[in-house]
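Report on the following structure.
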Protein chains: 2
Amino acid sequence: MAGEIVAGLDRLFQLLRRLTPADGISLTAASTLRRLARDGDHRLSELAVAERVTQPAMTQLVSRLARDGLVRRGAHPGDGRVVIVSVTDAGRAVLARRHDERVARLEELLERLPPADRAAIVAVLPAFDRLTTEGSE
Amino acid sequence: MAGEIVAGLDRLFQLLRRLTPADGISLTAASTLRRLARDGDHRLSELAVAERVTQPAMTQLVSRLARDGLVRRGAHPGDGRVVIVSVTDAGRAVLARRHDERVARLEELLERLPPADRAAIVAVLPAFDRLTTEGSE
DNA sequence: TATTGTTATACTCTATAACTATA
DNA sequence: TATAGTTATAGAGTATAACAATA
């Protein structure tokens, strides 16, 4: 059974690539921005752990995002070693535009599916939610 | 509704990254190998179109795969411009090992889910299949 | 001329190892 | 010494533009 699901996940990855606008925002960059928008400011090292990349990789990602004005680097009051990363208004705007675009593309695809398929997809979302939560332990 | 699905797809991408062994085989490289193993030899330009990357990107990917012995470059009989790419036994072996590892990891996660969730995931696969087929038109 | 593929160049994204600054 | 982060270096992966070889 897991074999079929793995194959399905691979096809979903193809779908994901097609849905994603070629706007220079990588999946990890978008995930980082979403996290900051959803959960508020984070230390750089917290972001690295949450996104499962190394600290140097996150240093560079944050540098690129800051260079493009999508995040801001701040100091920690009381611990001079810590860097606090915040999303900017421009970052939120990029997220919103990207989200809208992906939703529009997906809606176009969903329209062409039988209603039963759409119902099955809606029905599975909570299960996938639990599956991905399990995976992040 | 599409909004929830987009969010679900993003979480699935995180899951996919966790399932995937850090064996130096990227998702695109694996997809290319799978295509060759499943559908047989391809021209380099056919692979580029199928995997939705540029021709130079596919030239480089095939070069790396050939360097590692996972594919072979052959000549086309009758058209000297064409490069025919084939998967090697070593390529098939890498695919098989990778697949087994991902299935094992996913099974571990699935075991911890309620049976109803597993049933919902199995039930949605045909719908996802049609959704991704729509997307590749 | 058109097609097939490569080379040149420039980024992003990632990793490990070595380093700096602060605690 | 330990922690937080950066810099150095290397390689994968991607793109566009310019090129070479074949049809």
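Labels below follow one simple rule: chain letters A, B, ... track the order of the sequence lines, proteins then strands, and each chain is numbered from 1.
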Taking C-beta and beyond as the side chain, do [X] and [Y] meet within less than 4.5 Å on heavy atoms?
X	Y	result
B:Val122	A:Glu4	no
A:His42	A:Thr32	no
B:Leu47	B:Leu36	yes
B:Val103	B:Asp100	no

Protein-nucleotide distance ([X], atom [atom1]; [N], atom [atom2]), rounded to Å:
X	N	atom1	atom2	value
B:Leu27	C:dT14	CG	C1'	14 Å
B:Leu61	D:dA15	CG	P	11 Å
B:Gln55	C:dA8	CD	C1'	16 Å
B:Leu47	D:dT14	CG	P	13 Å
A:Arg64	D:dT14	CZ	C1'	13 Å
A:Leu65	C:dC13	CG	P	8 Å
A:Leu44	C:dA21	CG	P	18 Å
B:Met58	D:dT16	CE	P	15 Å

**Request:** State yes or no: do A:Leu33 and A:Leu44 share one hydrophobic cluster built from I, L, V, M, F, W and Y residues joined by side-chain heavy-atom distances below 4.5 Å, directly or via other members?
**Result:** yes
N or O in side chain of [X] less than 4.0 angstrom from [N] OP1/OP2:
X	N	value
B:Ser45	C:dT4	no
A:Arg52	C:dA15	no
B:Ser26	D:dG13	yes
B:Thr54	D:dA15	yes

The side chain of [X] is closest to which nucleotide in this list: [options]?
X	options	answer
B:Asp79	D:dA23, D:dG5, C:dG5	D:dA23
B:Thr59	D:dA4, C:dC13, C:dT7	C:dT7
A:Thr28	C:dT14, C:dT16, D:dG5	C:dT14
B:Pro56	C:dT7, D:dT14, C:dT12	C:dT7
B:Val53	D:dT14, D:dT7, C:dT14	D:dT14
A:Arg81	D:dG5, D:dT14, D:dA2	D:dA2

**Fill in**
5'-most contact on DNA chain C (nearest-nucleotide basis), A:Ala57 vs B:Ile84, goes to B:Ile84
**Residue met sooner reading DNA chain C from 5', once B:Arg43 and B:Gln60 are mapped to nucleotides** = B:Arg43
